[in-house]
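Residues: numbered from 1 along the sequence shown.
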Amino acid sequence: MAEWRPPTHEQEDGSPISLNALSELYILQEAAGRWAFSQGLNLRGEDVRPIDMFDIIGGTGIGGFYAVLFVSLKMTIRQAIQAHGILERRLFSSHAWNYKIQQACLETLWATMGEIVQVFKIETSLDSPFEDPKSPTKCLVCVNNPVAAACCRLLRNYHPRTGQNPRCTIRQVLHATLSNHVQIPAVFIEEERFMSALNGYANPTHVLV
């Protein structure tokens with residue numbers, strides 16, 4: 001049986017990149033361009049920082065990854081598209097599709113994120129606390145505990161009035177939202193295991209809304 005691979009198209013350098021997740025960024029780019037025009041800003045959609053558009057940004061899986069890039073790392077849409085391409089090329093391209101061992105994938109993930117932070121001159125460290133009281137935009141990332149798959153949890157960059165908010169770093173949130181039990185293992189945060197809510201939880205969207 002042929003091995004399944006997600007639908008892809010080629011980047012400028014010929015490397016494949018998944019269309020499923022990338023389409024979210026291009027839709028956002030179009031919306032951002034219209035928003036910038038309505039605000040009288042001389043900006044193309046790709047050069048907009050979503051934190052200037054939204055009061056709250058959230059997501060699950062790769063959507064959670066984007067949320068952290070936009071809010072915690074303050075990236076523009078162009079930078080997020082480029083970051084996605086770099087990550088796709090290193091971790092999920094056809095050249096690396098024969099599932100590396102998890103430790104090697106984690107090392108690749110953090111080496112890649114370190115390169116992304118350096119290339120885009122991001123001032124925020126990945127080891128900074130995810131919770132940021134000074135952030136003008138709230139960030140929500142939906143994850144779950146693989147032991148109790150029906151339990152969906154929110155990692156927030158603010159302290160909620162009710163409920164608990166695990167203390168974690170930006171790195172741990174990225175790890176949790178990208179964890180898929182295949183390439184990226186679950187991460188421990190305050191002695192509790194977390195991974196992407198897309199695994200084992202039918203539809204986490206209503207938790208974010």
Donor-acceptor check, side chain of T177 to backbone of S196, threshold 3.5 angstrom: yes or no? no

Atom NZ of K138: over 12 foreign heavy atoms under 6.0 Å: no

Please examine the side chains of N165 and Y158, heavy atoms only from C-beta on, and report whether any two atoms are closer than 4.5 Å. no

Quick one: does E24's side chain get under 4.5 Å of I62's, heavy atoms only? yes

Let me see the working for L106 and I184 under side-chain contact (heavy atoms from CB on, under 4.5 Å), right down to the final yes or no. CA-CA 6 Å; L106 273 178; I184 309 297; 4.1 Å; yes

Spacing of M75 atom CE and I122 atom CD1 [to the nearest 0.5 Å]: 4.5 Å

Would you indicate whether the side-chain heavy atoms of R171 and H175 approach each other to under 4.5 Å? no

Are F37 and L43 connected in the hydrophobic side-chain network, where two residues link if heavy atoms are under 4.5 Å apart? no

Taking every heavy atom of V68 against every heavy atom of I170, the minimum-distance pair comes out as CG1-CG2, 3.7 Å

If we ignore hydrogens and angles and just use 3.5 Å, is the side chain of E192 paired with the main-chain N or O of I189 as donor and acceptor? no

Is any side-chain heavy atom of M195 less than 4.5 Å from a side-chain heavy atom of V187? no

Qualifying residues under side-chain contact (heavy atoms from CB on, under 4.5 Å), relative to D55, sequence neighbours excluded: none

Set of side-chain contact (heavy atoms from CB on, under 4.5 Å) partners for R44, sequence neighbours left out: E46, D47

To the nearest 0.5 Å, atom OG1 of T124 lies from atom CG of D132 at 8.0 Å

Which distance, rounded to the nearest 0.5 Å, do you find between the CG of L109 and the CG of L87? 6.0 Å

Taking the six-membered ring for Trp, is the centroid-to-centroid distance between H84 and F65 below 6.0 Å? no

Side-chain contact, heavy-atom cut-off 4.5 Å: F194 with S179? no

Euclidean distance, I51 CD1 relative to I56 CD1, rounded to 0.5 Å: 14.5 Å

Do the non-hydrogen side-chain atoms of Q29 and L25 ever get within less than 4.5 Å of each other? no

Taking all atoms of both residues into account, what is the closest heavy-atom pair of R153 and P166, and its distance? NH2-CG, 3.3 Å

Rounded distance [0.5 Å steps], CD in E131 versus NE2 in H159: 6.5 Å

Check: T137 side chain, F54 main-chain N or O, donor-acceptor pair, under 3.5 Å: yes

Taking side chain as C-beta onward, heavy atoms only, is Q79 less than 4.5 Å from L69? no

Could you tell me whether E190 atom CD has more than 12 heavy atoms of other residues or ligands within 6.0 Å of it? yes

Sequence neighbours left out, what passes side-chain contact (heavy atoms from CB on, under 4.5 Å) with F188? Give chain and number order. R193

Spacing of F120 atom CZ and T76 atom OG1 [to the nearest 0.5 Å]: 7.5 Å

Taking side chain as C-beta onward, heavy atoms only, is D52 less than 4.5 Å from W35? yes

Restricting to non-hydrogen atoms, name the atom on L28 and the atom on P50 that form the minimum distance, rounded to 0.1 Å. CD2-CG, 4.1 Å

In terms of heavy-atom contacts, I77 and G45 come closest through CD1-O, 3.4 Å

